[in-house]
Amino acid sequence: MTEFTYRLPQKRRIATDIPGPRSTEWEIRRRAAVAAGLASSVPVFAVDADGGVIVDVDGNSLIDLGSGIAVTTVGASHTLVAAAVADQAARFTHTCFMVTPYDGYVRVAEELANLTPGEHEKRSVLFNSGAEAVENAVKIARLATGRSAVVAFDHAYHGRTNLTMALTAKAMPYKSQFGPFAPEIYRMPGSYPFRDEPGLSGAEAARRAIARIEKQIGADSVAALVYEPIQGEGGFIVPAEGFLPALSVWARANGVVFIADEVQTGFARTGDWFACDHEGVVPDLITTGKGIAGGMPLAAVTGRADLLDAVHPGGLGGTYGGNPVACAAALATLEFMRESDLPARAREIEERVVPRLRELAREIETIGEVRGRGAMLAIELVRPGSNEPDAELAKAVVSEALSHGVIALTCGTYGNIIRLLPPLVISDELLADALDVLEAALRARSAARVLAFES
Ligand code: PLZ
């Protein structure tokens, strides 16, 4: 593997209980000052982070299998990113691109044109968050097509703003009581091989969705389809092969804008630059964010020049979108990703993790499926002897792993999926150590679960 360099020791170290006394103390202050609606999945306060570790205020060094939800692909303090940020901040932190443009923004747009799928002429517009990017992709698609309906899918996650809540599938915690939601959003079945009827092919799943779209909305009313090529929050769902190509062919034939939401899957994470690349799908618009800028807030809509240029001057924007410091971080991040071939590193991680977890799945009956691509991998947990989702087990395993110093996140419509999103710069040794911890937690908690169901 590529040798990465680190500032902090790449070792798991447990110094106190987790959370330790200082995290517990800070948590009290937090509760008095921070809104309760903002929950944190890991109850420790971070003071330092580098490569594959996060150091907490009690001196625990935790292995990071979450990357702050797929953001710190190059680590949380990569030296090149930190230097680019410091250098840009020393020159100017902000002018507002809508007032006085700067070169970093243009260079990020050039990078996006080169890296995203397809050789056609492209344009980009930059934003602060994934939700903002998705929302703007929909604005662009509606204006360019003169149509208003937007199709989203089961298990989708696209954000927490009003329009993106409407696109997101799961009520709790994202939507419940936050309505009314934006109109003209229609939800269709996608492709979830583990839970679809056995043997349903990608092409058949696409036909199922298309038939409903044509019946319930009418193709000529549809501005856009929005799909995450691997659904993230909804459960790391890799659609059956052929599903995405069939959907994109139908979209093209019907003048429907195919928007790939690659906010979570993008930038080397899945073993290619984008998840669409695995099946050669070329979206009309692609939304990106998270991993693009080494932890700085940046997101983008990139796509067909004719669509983006259809919007009147002033129709798109925002005070901070494409902030110069975030752009500098992105340029350093992308250069490092390219030079160290991080897509290949993601494939290496898949090779190290997947066979091991599949082996374990043969032994442990509560593992329903191990799936994913590159360093976007998941374990779907079920009740013994069934396909019933087991969210409680997922929670228990993650909490046990945390008590031994490994941060892993859950996800899924049913909350029963453990997702692995390590920084791609994690060392093989640290990854192996994290897997040992996770395996022990899976064995222990699954055994307890089987016993509980037997009695
Ligand atoms: N599209 C595919 O995964 C963000 C959300 C965490 P923002 N996913 C993490 C949470 O509970 O808020 C995401 C995504 C996809 C859009 C978004 C939204 O990106 O940067 O969080 O707005």
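In each ligand, atom 1 is the first atom listed, and ligand 1 is the first ligand listed. One-based numbering along the sequence shown. Every heavy atom of this structure was used, including side-chain atoms; hydrogens, water molecules and symmetry mates were not. Everything quoted here is computed from the prediction, not taken from an experiment.
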Open item on the list: Less than 4.0 Å is my threshold; does some heavy atom of Lys290 fall inside it relative to ligand 1?
Closed with: yes
- [ ] Mark up the atoms of ligand 1 that fall under 4.0 Å of a heavy atom belonging to Asp261, in ascending order.
- [x] 1 (N), 2 (C), 15 (C), 16 (C)
Task: Residue, atom name and distance, where the atom is the protein heavy atom closest to atom 6 (C) of ligand 1 - done: Ile69 CD1, 3.7 Å
TODO: Let me know which of Leu62, Val437, Asn60 forms a side-chain contact (heavy atoms from CB on, under 4.5 Å) with Arg12.
DONE: Val437
- [ ] State whether Arg347 and Asp272 are salt-bridged, where the test is any N-O pair (Lys NZ or Arg NE/NH1/NH2 against Asp/Glu carboxylate O) under 4.0 Å.
- [x] no
Open item on the list: Quiz question for you: does at least one protein heavy atom lie closer than 4.0 Å to atom 21 (O) of ligand 1?
Closed with: no
- [ ] Could you say whether the N/O atoms of Glu228 and ligand 1 ever approach to under 3.5 Å?
- [x] no
Task: Ion pair Arg373/Glu350, N-O distance below 4.0 Å - done: no
Task: Contact (N/O only, under 3.5 Å) between Gln264 and ligand 1 - done: yes
Task: Tyr174: numbered ligand 1 atoms lying under 4.0 Å from its heavy atoms - done: 11 (O)
Open item on the list: Among all protein heavy atoms in this structure, tell me which lies nearest to atom 18 (C) of ligand 1, with the distance rounded to 0.1 Å.
Closed with: Ala131 N, 3.5 Å
TODO: State, with a plain yes or no, whether a side-chain heavy atom of Leu167 is found less than 4.5 Å away from one of Tyr157.
DONE: no
Task: Side-chain donor-acceptor pair present, Asp261, His158, cut-off under 3.5 Å - done: yes
TODO: Report the nearest protein non-hydrogen atom to atom 16 (C) of ligand 1: residue, atom name, distance rounded to 0.1 Å.
DONE: His158 O, 3.4 Å
TODO: Could you walk me through whether Asp196 and Arg208 pass salt bridge (charged side-chain N to carboxylate O under 4.0 Å, His left out), step by step?
DONE: CA-CA 12 Å; Asp196 281 337; Arg208 175 174 70 179; 3.3 Å; yes
- [ ] Starting from atom 12 (O) of ligand 1, locate the nearest protein heavy atom and write down its residue, its atom name and how far away it is, to 0.1 Å.
- [x] Arg160 NE, 2.7 Å
Open item on the list: For the aromatic rings, using the six-membered ring if either is Trp, is the centroid distance between Phe92 and Tyr102 under 6.0 Å?
Closed with: yes
- [ ] With heavy atoms only and a cut-off of under 4.0 Å, state how Glu262 meets ligand 1: side chain, backbone, both or neither.
- [x] neither
TODO: Look at atom 7 (P) of ligand 1 and find which of Gly130, Ser41, Gly68 reaches it with the closest heavy atom.
DONE: Gly130
TODO: Report yes or no: do Thr410 and Lys395 form a side-chain donor-acceptor pair below 3.5 Å?
DONE: no
